[in-house]
Amino acid sequence: MKIVDATVVVTSPGRNFVTLKLTTDEGIVGLGDATLNGRELAVVGYLSDHVAPLLTGLDPHRIEDTWQYLYRGAYWRRGPVTMAALAAVDVALWDIKAKAAGLPLYQLLGGASRERIRTYGHADGRDIPALLDSVRARLAEGYPAVRIQSGIPGLKAVYGVHTTDGDGAPVLHQQARPLVEDWDTEAYLRHVPAVFEAVRAEFGAELPLLHDVHHRLTPIQAARLGKDLEPYRPFWLEDCTPAENQEALRLIRRHTTTPLAVGEVFNTVHDYQTLVTEQLIDYVRSAVTHFGGVTPLRKLFDLAALYQIRTAVHGPQDISPVGMAAAVHLDLAVHNFGIQEYAPHTPRTEEVFRHAYTFTDGHLHPGDAPGIGVELDEQAAAAHPYEAAYLPVNRLQDGTVHDW
């Protein structure tokens with residue numbers, strides 16, 4: 001079997017998605033997700049101009065060899081653009097291999113380690129009463145765990161919290177130019193314990209509650225927050241400080257027993273080396289789409305398992321159903337699975353990407369269709385052309401770009 005065509009498809013049915021389509025001489029098609037929100041076209045160029053010409057004529061079954069060939073052969077390694085492109089190739093190859101075998105991908109990864117995959121949903125509100133309503137909505141949808149994010153008194157907009165304009169229309173986080181949001185760390189640190197107290201008072205001690213800091217604290221501030229939240233027993237505190245400074249987690253770990261989740265902006269195992277081997281975190285958060293694919297992420301999960309660290313794959317709406325499907329297959333197969341973030345895609349997105357994975361009673365399952373179980377409707381995709389969109393930028397009250 002040989003690869004005879006490599007095509008990059010860009011579509012925006014609500015969010016921009018970049019998909020690699022590999023076709024073999026036997027007519028088997030594999031899909032991979034290369035979406036890098038806010039920098040999508042950089043990956044398109046990387047794939048179309050530099051990677052796709054190298055793929056035609058290759059044996060798609062040689063997944064490990066192809067991954068190493070593209071990673072090491074380029075000389076310039078790592079980085080989000082490179083690793084998103086590699087992820088697309090890797091997932092597309094796994095899709096082809098599993099389809100050729102007539103099996104769902106998880107069977108090629110060792111088979112199922114569980115019957116279903118526990119998820120958490122996103123709840124948010126401009127204030128605590130609105131947040132409580134959002135939590136009720138997630139519970140009504142069946143989620144067994146909930147991430148809670150709240151507006152901060154005195155701040156107009158906070159990332160992770162839905163806001164509206166003067167006419168009541170929703171303000172999207174991703175816009176044609178970066179939305180500028182204001183930030184006050186001390187106001188945030190004062191408010192979050194009260195948020196947890198209110199949610200616990202309303203929903204009890206059993207509901208797993210998660211919270212995402214979005215990298216905004218210094219190590220000592222993160223340690224303070226983790227300690228302040230201990231009475232409310234969070235499931236985890238996510239990205240409490242920029243973890244590129246891996247040694248910072250040593251300080252945080254010394255001061256709090258609140259579980260820590262890190263890694264959605266990480267691209268390789270090297271970003272995790274200290275965090276994993278010194279057991280400074282409890283959950284690894286990287287996405288298949290941004291970590292180079294199934295092949296390297298499975299290796300990270302196996303390394304993490306040696307240190308009793310669990311998986312929690314990043315699963316926002318700006319990873320396509322192709323990337324989501326690959327994650328769900330991994331979730332079902334690996335022994336040290338922890339929890340899966342799940343933000344459902346829009347109906348328009350699901351028309352473009354028809355998928356076999358299902359969400360029932362707060363749990364996912366990849367389904368048993370051969371491959372990853374996603375089919376791309378290219379005609380529907382073409383109806384939604386690329387739209388420039390960027391994530392917000394935070395500025396402190398004095399106008400300084402927030403740099404933590």
Side-chain angles (χ1 to χ4, degrees), residues 1-13 16-36 40 43-44 46-67 69-70 84-109 287-289 292-295 297 319-330 345 348-358 366-386:
M1 189 187 296
K2 300 294 181 185
I3 298 170
V4 294
D5 185 66
T7 303
V8 181
V9 178
V10 182
T11 184
S12 185
N16 290 319
F17 299 116
V18 179
T19 306
L20 177 66
K21 176 185 173 184
L22 296 183
T23 305
T24 73
D25 55 358
E26 297 183 11
I28 300 177
V29 173
L31 300 178
D33 182 21
T35 305
L36 185 64
E40 300 91 351
V43 190
V44 172
Y46 193 106
L47 279 170
S48 298
D49 298 336
H50 303 291
V51 174
L54 303 178
L55 298 176
T56 54
L58 295 184
D59 178 355
H61 287 303
R62 297 183 60 171
I63 298 175
E64 178 72 25
D65 181 67
T66 299
W67 195 94
Y69 170 64
L70 295 174
L86 281 179
V89 176
D90 187 77
V91 171
L93 294 179
W94 278 110
D95 194 19
I96 290 170
K97 181 181 280 289
K99 285 176 177 175
L103 295 170
L105 174 58
Y106 73 84
Q107 293 289 12
L108 273 63
L109 301 175
V288 175
T289 299
V294 170
T295 297
L297 195 58
I319 287 173
S320 86
V322 174
M324 189 74 224
V328 176
H329 282 277
L330 262 176
H345 289 99
R348 285 196 305 177
T349 297
E350 299 205 339
E351 289 174 5
V352 174
F353 299 94
R354 298 187 298 273
H355 56 79
Y357 67 78
T358 56
D368 288 308
I372 62 171
V374 181
E375 300 297 329
L376 174 65
D377 185 330
E378 294 189 62
Q379 183 175 354
H384 306 291
Y386 168 80

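When reading the values below, keep in mind they use all heavy atoms of this one structure, side chains included, and skip hydrogens, waters and symmetry mates.
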Which atom pair, heavy atoms only, marks the closest approach of [X] to [Y]?
X	Y	result
Pro60	Met1	CD-O, 3.3 Å
Ala98	Pro370	O-CB, 4.4 Å
Ser12	Pro385	CB-O, 3.2 Å
Thr35	Thr289	O-CG2, 3.4 Å
Ala6	Ala52	CB-CB, 3.8 Å
Ala92	Gly32	CB-N, 3.8 Å

May I ask you to test the [X]-[Y] pair for a side-chain heavy-atom distance under 4.5 Å?
X	Y	answer
Pro13	Glu351	no
Ile3	Thr23	no
Val18	Val8	yes

Give, for atom [atom1] of [X] and atom [atom2] of [Y], the distance between the pair rounded to the nearest 0.5 Å.
X	Y	atom1	atom2	answer
Leu109	Thr295	CG	OG1	9.0 Å
Ile96	Glu26	CD1	CD	10.5 Å
Thr19	Asp33	OG1	CG	6.0 Å
Asp5	Leu22	CG	CG	8.5 Å
Glu64	Asp90	CD	CG	8.5 Å
Leu58	Leu93	CG	CG	8.5 Å

Do side-chain atoms of [X] reach the backbone of [Y] as a donor and acceptor pair under 3.5 angstrom?
X	Y	value
Asp95	Leu31	yes
Thr11	His384	yes
Lys2	Asp59	no
Lys99	Val29	yes
Trp67	Gly292	yes
His345	Ile319	yes

*Does the pair Asp368 and Tyr106 meet the rule for a side-chain contact (heavy atoms from CB on, under 4.5 Å), with working shown?*
CA-CA 9 Å; Asp368 288 308; Tyr106 73 84; 2.5 Å; yes

*Reference residue Leu47; test side-chain contact (heavy atoms from CB on, under 4.5 Å); the match among Asp49, Val43, Val44*: Val43

*For ring-ring contact (aromatic ring centres under 6.0 Å, His included), just list the numbers for Phe353 and His355, CA-CA rounded to whole Å, side-chain angles, deciding distance to a tenth of an Å, and then say yes or no.*
CA-CA 6 Å; Phe353 299 94; His355 56 79; 9.3 Å; no

*Is the CZ atom of Arg62 crowded by more than 12 outside heavy atoms at less than 6.0 Å?*
no

_Please evaluate residues Ile372 and Val91 with respect to the criterion side-chain contact (heavy atoms from CB on, under 4.5 Å), reporting the C-alpha separation (whole Å), side-chain torsions for both, the decisive distance (0.1 Å), and the verdict._
CA-CA 8 Å; Ile372 62 171; Val91 171; 4.2 Å; yes

*Under the side-chain contact (heavy atoms from CB on, under 4.5 Å) rule, what do Leu105 and Lys97 come out as? Steps first, then yes or no, please.*
CA-CA 8 Å; Leu105 174 58; Lys97 181 181 280 289; over 6 Å; no

*Could you walk me through whether Thr56 and Val4 pass the side-chain contact (heavy atoms from CB on, under 4.5 Å) check?*
CA-CA 5 Å; Thr56 54; Val4 294; over 6 Å; no

